[in-house]
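Since the model is a prediction, treat every value here as computed from it, not as a measurement. Whatever order the structure lists them in is the order used to number ligands and atoms, beginning at 1.
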Amino acid sequence: MFYHSTQDNKKKVTSAEAIAQGISPDGGLFVPESFPQLEPATLENMLSMSYQERAKLIITQYLTDFSDEEIDDCVYSAYTKRKFEYKNPAPIASVKYNGLPLNLLELWHGPTCAFKDMALQILPHFLTKSLKKAVNGLDAVILVATSGDTGKAALEGFRDVDHTKIIVFYPESGVSAMQKHQMNTQEGENVYVCAIKGNFDDAQTAVKKIFTDKDTSEILKKNKMMFSSANSINWGRLLPQIVYYISAYCDMVNLGKIDLGDKINIAVPTGNFGNILAAYYAYEMGLPVNKFICASNSNNVLTDFINTGIYNKNRQFYTTISPSMDILVSSNLERLLYHMSGNNDEETKRYMELLKKDGTYAVSDSIRGKISSMFYGGFCDEENTKKAIRDLFLQRKYLCDTHTAVAVSVYADYAEKTGDTTPVVIASTASPYKFSKAVLESIGCDEMPISEFDMVEKLHELTDVNVPEPLSTLRGKPSRFSEVADKENMQAVVLEALHIQ
Ligand SMILES: *Cc1c(COP(=O)(O)O)cnc(C)c1O
C-alpha cells in the first residue's frame, strides 16, 4: 500500500514516510492509493474478535511496511486496560431521545476523556517506528494547533516518548477552563504548551506555515530534528479512527440492533472533518452505511457546503459551548474533495488555492452531487445544544457533553425531516465533565459554583454520573505553563522551546 498527496498524485510514499512527514511537502495531505475491501466473511469473523484484534486486522491492511510484531506492539501498547476504562475502549450506550433510538459510541474512556485519545494513544507508536524506517536518526518535533482536546490528548500520548518533542498552541480564550487546566498542568520532560492571541484557525494556519517554512526546517535539520504533526491531517491519526466505526458495526450486530449486512447511519459532531472522514473511509472499505450526518455548531460552514457546494470561510466566527468544533477551515475536507473528484490532484489543488486566496470556492456539480447523496449537513445553535443535553438527561438520566449534544440534535432534525429509520451510530466525543459549566447550565443549575472543580462536584451531585478518574485527579495539580504569544511570534516560540536558533 502506497500513499499519494492530494495535491500531487504522482508522489508515492510508504505509510512510514506518510506518518513521519505528517503533511506532504507540496502542501497536500496523504491519502491511501486504494481502500482494502472488507469481505462480508471478514466482517463476520470480526464479530467474535476483541477491539484490539479488530484494530490489528484493519491496521495491517494499511501499514504494509510494518511487521506483524510492530503492529501488535502499537495496538497493545495503546489500547490497554491501564489507559482505557473498559476492555472495549469504545462501548456503545443505547438510549431513547424523544422516542428516537440512539446508539452513542462513547469514544471518551481514555486518559484525557475525549475521542482524540483513540488515535493519539497509538500515533506515537506509529510515529517512532515510522521515524526509524523513514528518516533514521532524526528526532520528531510534534507541532500541534488545538481547539482544546487534541492538545491534551497529544501531550498525554507523546509525553516522555523517546526521540520526540511536542509543542502545543491553543487559542487563549477559545478553550474550556478544564481543557486549559489539563494542558497547563501537563507533565513530561519533552512537552511545551503556549496560548496564542487569536482563534483556532489562526493557530492552525501559523502551524501549517511553520511546518512548510524552508528556513525553519533547515535549522531543525542542523539540530537533528524534523517537524511532524499529530493533528488530524496526519494519516496515523485517521487510521485508528476507521477502526472504531467498523468495530461499532460489529457491536451493533452483537447487540442485536442490526443483522450483518444491514446499513447504518453515522452521525458525527464535526470540526476539522477528521472523525467523519474516517467513517467515510470505513464505508469505502465496504462497511454498510446509508448516510453520514455531519453535525456542526453555529460555525456552520460545513452545513452550507454540503447543501450548496460552496465553501465559504468568510463569515462570523462564533465561540461556542462546543469549542472543539469552532472551526472555519476543516482541513480534512481536502481529502474528501480528492476522492470525490476521482483522485484529481489538480482540481483539489485549485480549490485549496482558492480557499487560501479568497477564502471561498465552489466545487463542480459532480462533486456536489456525490457529496449530497451521501452526506447530510445540519447545525445546531447554543439553545438547542443545551436542550438536547437537558432532554436526554431528564428522559433517560443519560448525560452527554456539548459536542455529542450537537450531533444528537442534528440527527433528531434529520430523522424528523426525512423519516429515515435506519439505525444510527452517533459518535460521542467527550465526557460531559470536560464541559461541566455548559452541561450544568443545560440541566438547570441555580447556583453556579465559581471554580471548575466545584462545578465538576456539583454536576456529580446533581446527576450521580461518575466523574472519570483522569479529571478528578487533576484538582490541585500545579500549572507548569503560562506563556501567551502573539500569533505572529509562534515560530520564535518554537525555536525557543527547542533551545535552538
Ligand atoms: C475534535 C473534536 C471534535 C471534532 O472532530 P473533527 O475530527 O475535528 O471533526 C468533536 N468533538 C470533540 C469533543 C472533539 O474533541
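- A donor-acceptor pair under 3.5 Å is absent between the side-chain atoms of K291 and the main chain of N265, judged by distance alone.
- Residue T270 has at least one heavy-atom neighbour below 4.0 Å for each of these atoms of ligand 1: 9 (O).
- Taking every non-hydrogen atom of A430 and a distance limit under 4.0 Å, the qualifying atoms of ligand 1 come out as 13 (C).
- For F481 and Y192, the gap between ring centers is short of 6.0 Å.
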Step by step, work out the ring pair (Phe, Tyr, Trp, His ring centres under 6.0 Å) result for Y281 and Y245. CA-CA 10 Å; Y281 282 177; Y245 288 109; over 10 Å; no
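- If you number the atoms of ligand 1 from 1 as listed, the ones under 4.0 Å from a heavy atom of G274 come out as 6 (P), 7 (O), 9 (O).
- Among all protein heavy atoms, the one lying closest to atom 7 (O) of ligand 1 is N275 N, 2.9 Å.
- In this structure, K83 forms no cation-pi arrangement with Y79, as its terminal cationic atom is not both closer than 6.0 Å to the ring centre and no more than 45° off the ring axis.
- Comment: E383 does not engage K387 in a salt bridge, judged by the lack of any side-chain N to carboxylate O separation of less than 4.0 angstrom.
- Looking only at protein heavy atoms, the nearest one to atom 8 (O) of ligand 1 is N272 N, 2.7 Å.
- For atom 10 (C) of ligand 1, the nearest non-hydrogen atom of the protein is P269 O, 3.6 Å.
- Counting heavy atoms closer than 4.0 Å to ligand 1, residue K116 contributes side-chain atoms (C-beta onward) but none from N, CA, C or O.
- The ring of H109 has its center no closer than 6.0 angstrom to the ring center of F115.
- Of all protein heavy atoms, the one lying nearest to atom 11 (N) of ligand 1 is T429 OG1, 2.9 Å.
- Partner of F292 under the ring pair (Phe, Tyr, Trp, His ring centres under 6.0 Å) criterion, out of Y283, Y376, Y411: Y283 alone.
- In terms of protein heavy-atom proximity, atom 9 (O) of ligand 1 is closest to G271 N, 2.8 Å.
- The backbone N or O of N384 lies less than 3.5 Å from a partner atom in the side chain of D381, making a donor-acceptor pair.
- Residue contact check: D149 has heavy atoms under 4.0 Å from atoms 12 (C), 13 (C), 14 (C), 15 (O) of ligand 1.
- Across F435, F115, F273, heavy-atom proximity to atom 3 (C) of ligand 1 is greatest for F115.
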